[in-house]
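The structure under discussion appears below in the form of structure tokens.
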Amino acid sequence: MTDTNTQIQLARQPDGEPQISDFQVAETEIPTAGPGEFLARNIYLSLDPYMRGAISGRHMGHSRSNQGDLIGGRCVAQVVESKHADYAEGDYIVIESGWQKFVVSNGGAKDQVRKLDPNGGPLSAALGVLGMPGLTAWAGVERLASPGLGDTFVVTAAAGPVGGTAGQLAKAKGCRAVGIAGSDEKCRIVVEEYGFDACVNYKKDNWEEDLKAACPDGIDVYFDNVGGPILDTITQQLNLYGKIVLCGLVSQYNRSGDGDFHGHNMGPFVGKRAQLLGLVVYDYYDQIDAFLKAAVPLVKAGKLNFHEDRAEGLENTPAHFAKLMSGKNVGKAMVTIGPEKS
Ligand SMILES: NC(=O)c1ccc[n+]([C@@H]2O[C@H](COP(=O)([O-])OP(=O)(O)OC[C@H]3O[C@@H](n4cnc5c(N)ncnc54)[C@H](OP(=O)(O)O)[C@@H]3O)[C@@H](O)[C@H]2O)c1
């Protein structure tokens, strides 16, 4: 074990897309586990788009971060010392730890820390397809949209963990799954690795025509991960009484102020008699066992696939986060902090 706890803290509020210089590396003391607590070492750190809004105090439950604050984030970790009755040395967990090497916890709610079954799929998947993003996708498909056999299901950010999982779950229900992604390489992953029926690169001219060709019967469900003008464009191709799962607004997260926000003309939503289904994953944490019961066997059988975009070393976290928030990540963004086995 190293002597100090490395942390990534905020150096200054990002203005627009986050930069490496918005963050600072600090060496602090390794925390000590008191009675009823355990110490864990972090292995993988999840990088998620919501973090941009969280840092700026725009994400629910997060106040604006100040200089020197530890950046929040979820890790796969291993308990190295325990004075807690429910956690033993060697246990693997998922924990809201922050961007740091070590964390002390007293357990807490299921959305703060939960034990991982080391035989329940790859450990890193607990941050992606078998973690919060996967639960989000499952909730949107199974609990909100409930698409049926033969429906056309379209999802944006389709190469990422939410979009990729949502499309595969819809495909498994007999839908035509069509992804929208920002490069040919992402589209290749969406079709060849995830098994979607088609994928449209929205950075190409006339992508709306490509989408029409990919959805000859129109769109029954649109799982929206990006918001902004793409939501307006796709709504034009929605079938009457179609459903839109409002999951994410990643095209809007880097804005500097509220004035930059892309507003929507609601007329087309009315004209389509669209059902707008807002999704917040926190509402579904109490269903995570049902989700894992369905998803773990699929992942183990190679029927629910995922793609990861890893950086090596905690000190490379700011650069990897900047990559995610400029849309250049290809698959689930995460950082390897330490080895799986100590
Ligand atoms: N509602 C909830 O409870 C909940 C929970 C989890 C996640 N989410 C949301 O779900 C969405 C997908 O999350 P994820 O973890 O799966 O992310 P992700 O797909 O791994 O990464 C974000 C992707 O968004 C796309 N993107 C589009 N416009 C962008 C822009 N202006 N800047 C940066 N990226 C842009 C990029 O893909 P392309 O190149 O393909 O555009 C980028 O790779 C996000 O909006 C996230 O906030 C919502």
Side-chain angles (χ1 to χ4, degrees), residues 14 16-18 46-55 58-62 73-74 111 125 127-141 143-145 154-168 178-191 194 196 199-204 207 222-231 233-234 244-256 260-262 276-285 287-288 291 306-310 320-334:
E17 276 182 21
S46 178
L47 294 180
D48 297 88
Y50 79 86
M51 291 169 166
R52 174 66 185 85
I55 289 168
R58 291 194 298 248
H59 189 75
M60 60 182 73
H62 291 78
R74 190 174 305 107
D111 58 350
L127 300 178
V129 65
L130 296 177
M132 184 277 284
L135 178 64
T136 305
W138 177 83
V141 173
R143 296 291 190 252
L144 290 182
V154 171
V155 59
T156 32
V162 175
T165 307
Q168 291 180 77
V178 177
I180 298 182
S183 72
D184 288 345
E185 168 61 2
K186 289 184 183 184
C187 279
R188 185 199 63 74
I189 289 165
V190 168
V191 173
Y194 300 163
F196 282 40
C199 184
V200 171
N201 178 352
Y202 71 94
K203 294 200 174 152
K204 287 194 169 155
W207 68 271
Y222 169 45
F223 193 115
D224 180 30
N225 281 321
V226 299
I230 291 181
L231 170 57
T233 304
I234 293 175
I244 301 177
V245 178
L246 297 172
C247 176
L249 299 167
V250 67
S251 72
Q252 309 292 298
Y253 292 167
N254 288 319
R255 69 188 193 275
S256 302
D260 301 338
F261 201 78
H262 175 91
L276 304 183
L277 304 162
L279 167 58
V280 175
V281 67
Y282 306 143
D283 296 346
Y284 298 90
Y285 271 108
Q287 298 184 41
I288 195 162
F291 157 64
F306 61 95
H307 194 98
E308 294 177 342
D309 188 341
R310 290 193 197 181
H320 210 51
F321 184 57
K323 182 181 176 190
L324 170 69
M325 295 316 301
S326 63
K328 295 192 182 82
N329 65 305
V330 181
K332 171 65 201 154
M334 62 175 68

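Atoms within each ligand, like the ligands themselves, are counted from 1 in listed order.
Using a 4.0 Å cut-off between heavy atoms, Lys328 makes no contact with ligand 1 at all. Only backbone heavy atoms of Leu249 (N, CA, C or O) come within less than 4.0 Å of ligand 1; its side chain stays farther off. At a heavy-atom distance under 4.0 Å, atoms from both the backbone and the side chain of Val162 approach ligand 1.
An N or O contact shorter than 3.5 Å is missing between Val280 and ligand 1 by distance. Ligand 1 has a nitrogen or oxygen under 3.5 angstrom from a nitrogen or oxygen of Tyr253. Remark: ligand 1 and Pro133 share no N or O pair separated by less than 3.5 Å (distance only, no angle test). In terms of polar-atom proximity, Lys186 is counted as a contact of ligand 1, with an N or O under 3.5 Å from an N or O of the ligand. Here's the thing with Cys247: one of its N/O atoms is less than 3.5 angstrom from an N/O atom of ligand 1. Polar contact with ligand 1: absent for Ser326 (N/O pair, distance under 3.5 Å). Looking at Ala158 next to ligand 1, no N or O pair under 3.5 Å apart turns up. Ligand 1 has an N or O atom lying under 3.5 Å from an N or O atom of Val281, backbone or side chain.
At least one donor-acceptor pair closer than 3.5 Å links the side chain of Tyr194 to the backbone N or O of Ala159. Judged by distance alone, the side chain of Ser251 and the main-chain N or O of Val226 form a donor-acceptor pair under 3.5 Å. In this structure, the side chain of Asp224 does not engage the main chain of Ile244 through any donor-acceptor pair within 3.5 Å. With hydrogens and angles ignored, the 3.5 Å screen pairs no side-chain donor or acceptor of Arg58 with any backbone N or O of Arg52. Put simply, the side chain of Tyr285 never gets that close to the backbone of Val281: no donor and acceptor are under 3.5 Å apart. A side-chain donor-acceptor contact under 3.5 Å links Gln252 to the backbone of His262.
Looking at Asp309 and Lys323, a side-chain N of the basic residue comes within less than 4.0 Å of a carboxylate O on the acidic one, giving a salt bridge.
The two residues Ala166 and Ala137 come nearest to each other via the heavy atoms N-CB, 3.5 Å. The minimum heavy-atom distance linking Asn225 with Ala157 is given by the pair CB-CB, 3.9 Å.
Between the side chains of Asp48 and Tyr50, no donor N or O sits under 3.5 Å from an acceptor N or O. The closest side-chain donor-acceptor pair between Thr156 and Tyr222 falls under 3.5 angstrom. Under the 3.5 Å distance criterion, with hydrogens and angles disregarded, a donor-acceptor pair is assigned to the side chains of Lys332 and Ser46.
The option with the heavy atom closest to atom 23 (C) of ligand 1, from among Gly179, Pro161, Ala157, Ala181, is Ala157.
Below 30°, between 30° and 60°, or above 60°: for Tyr282 and His59 the angle between ring planes is above 60°, a perpendicular geometry.
For the pair Pro133 and Leu127, the minimum side-chain heavy-atom distance is 4.5 Å or more.
Counting only heavy atoms of the protein, atom 25 (C) of ligand 1 lies nearest to Val250 CG1, 3.8 Å. Protein heavy atom nearest atom 17 (O) of ligand 1, with residue, atom name and distance: Pro49 CG, 3.5 Å. Looking only at heavy atoms of the protein, atom 11 (C) of ligand 1 is closest to Asn225 OD1, 3.5 Å. Annotation: atom 34 (N) of ligand 1 to nearest protein heavy atom, Gly327 CA, 3.4 Å. The single protein non-hydrogen atom nearest to atom 19 (O) of ligand 1 is Gly160 CA, 3.3 Å, given as residue, atom name and distance. With respect to atom 41 (O) of ligand 1, the closest heavy atom belonging to the protein is Tyr202 OH, 2.6 Å. The closest protein non-hydrogen atom to atom 5 (C) of ligand 1 is Thr136 OG1, 3.2 Å. Ranking protein heavy atoms by distance to atom 40 (O) of ligand 1, first place goes to Gly182 N, 2.9 Å.
Using a 4.0 Å cut-off to heavy atoms of Met325, the atoms of ligand 1 that qualify are 32 (N), 33 (C). Those atoms of ligand 1 that come under 4.0 Å of a heavy atom in Gly248, given as number and element, are 9 (C), 45 (O). The contact set between ligand 1 and Val226, taken as ligand atoms under 4.0 Å from a residue heavy atom, comprises 27 (C). Counting the atoms of ligand 1 from 1 in the order shown, those under 4.0 Å from a heavy atom of Leu279 are 1 (N), 2 (C), 3 (O).
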Practice task
I would like to know whether Leu130 and Phe306 meet side-chain contact (heavy atoms from CB on, under 4.5 Å); could you show each step before the answer?
Solution key: CA-CA 10 Å; Leu130 296 177; Phe306 61 95; over 6 Å; no
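For Met132, the heavy-atom gap to ligand 1 drops under 4.0 angstrom.
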